[in-house]
Amino acid sequence: MSEFQSRVLKLVSMVPRGKVTTYKELALALGRPRTCRAVGNALARNPNPVIIPCHRVVRSDGKIGGYKFGERKKAKLLLMEGVMIKNGKVYLQNFLTKLPKSR
DNA sequence: CCTGGGGCAGCCG
DNA sequence: ACGGCTGCCCCAG
């Protein structure tokens, strides 16, 4: 696994239940604001979906975004964790978690 | 809502 | 190593 990917996964694993983050936030936290799409790719190749909650990463406009096992599943998981979704969008203002700056 | 352009890590030939 | 292409994106229009 690449350095980039492990940094992404590490940050994602810090997002608590009931909260989310976005691809862009991750990119910013990595100190690489333009890598949002690459971040998505890194998550798509998540080696262990069970312990790495990549379903807690949504788009910066609140829309659910892609997911290896389908957007339905992703939304379902978020709902089960207490994240509110309305019209296919997460209320980022309430559920966004702040990430630590990683290097 | 839909587009086009920007952007970049990873994969493949 | 090198160029092309793809994709859990973003933003302005």
Side-chain angles (χ1 to χ4, degrees):
Chain A
M1 139 154 33
S2 72
E3 178 67 26
F4 181 80
Q5 188 183 20
S6 59
R7 286 180 67 199
V8 171
L9 300 182
K10 182 154 199 159
L11 282 173
V12 171
S13 65
M14 297 176 186
V15 180
R17 263 180 74 95
K19 292 280 187 181
V20 300
T21 187
T22 71
Y23 299 98
K24 186 177 184 181
E25 287 297 310
L26 287 170
L28 291 173
L30 289 169
R32 318 188 62 180
R34 294 166 295 184
T35 62
C36 39
R37 197 160 188 187
V39 165
N41 283 330
L43 293 173
R45 297 180 212 107
N46 179 354
N48 196 336
V50 181
I51 68 169
I52 302 175
C54 61
H55 62 278
R56 294 180 190 151
V57 186
V58 302
R59 292 202 193 185
S60 57
D61 64 358
K63 292 208 302 250
I64 304 305
Y67 189 54
K68 207 59 169 312
F69 309 105
E71 294 194 27
R72 295 314 278 278
K73 194 84 172 184
K74 186 170 176 179
K76 190 104 177 175
L77 288 170
L78 290 174
L79 288 171
M80 287 192 297
E81 297 183 348
V83 175
M84 294 173 63
I85 299 174
K86 189 82 169 182
N87 300 326
K89 293 177 81 171
V90 169
Y91 292 128
L92 290 181
Q93 249 183 143
N94 310 5
F95 298 99
L96 188 65
T97 177
K98 190 166 164 79
L99 294 171
K101 282 283 182 206
S102 170
R103 289 198 300 169

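Any value given below was found using the heavy atoms of this structure, including those in side chains, with hydrogens, waters and symmetry copies removed. Residue numbers start from 1 in every chain, and the chains themselves are labelled A, B, ... in the order their sequence lines are given, proteins ahead of strands.
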Determine yes or no for a side-chain-to-main-chain donor-acceptor pair under 3.5 angstrom, with [X] supplying the side chain and [Y] the backbone.
X        : Y         : answer
Lys10(A) : Gln5(A)   : no
Arg7(A)  : Ser102(A) : yes
Asp61(A) : Lys63(A)  : yes
Lys74(A) : Lys68(A)  : no
Thr22(A) : Glu25(A)  : yes
Asn46(A) : Leu9(A)   : no

Discussion item. If hydrophobic clusters are built by linking Ile, Leu, Val, Met, Phe, Trp and Tyr wherever their side-chain heavy atoms come under 4.5 Å apart, do Val15(A) and Val8(A) end up in the same one?
Written reply: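 Same cluster: Val15(A) reaches Val8(A) through Ile, Leu, Val, Met, Phe, Trp or Tyr contacts under 4.5 Å.
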Item to complete: May I ask you to list the residues of residues 69-101 of chain A, by number, that have any heavy atom positioned under 4.0 Å from an atom of DNA chain C?
Response: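 Going residue by residue through residues 69-101 of chain A, the ones with a heavy atom under 4.0 Å of DNA chain C turn out to be Lys74(A).
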Worksheet item: For DNA chain B, which nucleotides open and close the run of contacts to chain A, 5' to 3', at under 4.0 angstrom from a non-hydrogen atom?
Response: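 The footprint of chain A covers dG6(B) to dC11(B).
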Fill in: Pairwise P distance, dC8(C) and dG5(B) [rounded to whole Å]
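Per the computed distance, 22 Å lies between those P atoms.
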Fill in: Watson-Crick or G-U stems involving DNA chain C, each at least 3 pairs long, distances under 3.5 Å, ordered by first number
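Stem list for DNA chain C: B:2-6 with C:9-13, B:8-13 with C:2-7.
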Worksheet entry | Whichever of Lys63(A) and Phe4(A) has its nearest DNA chain B nucleotide further upstream toward 5' |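 That would be Lys63(A).
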Discussion item. Glu81(A): which residues meet the side chain to side chain donor-acceptor pair (under 3.5 Å) condition with it, sequence neighbours left out?
Written reply: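 Listed in chain order: His55(A), Arg56(A).
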Discussion item. Using a 4.0 Å cut-off on heavy atoms, which residues in residues 23-44 of chain A reach DNA chain B? List them by number, or say none.
Written reply: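 Heavy-atom cutoff 4.0 Å gives Arg32(A), Arg34(A), Thr35(A), Arg37(A), Ala38(A), Asn41(A).
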Practice prompt. Tell me, please, the opening and closing nucleotides of DNA chain C, 5' to 3', among those with an atom under 4.0 angstrom from a non-hydrogen atom of chain A.
Written response: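 Using the under 4.0 Å cut-off, the span is dG7(C) to dC11(C).
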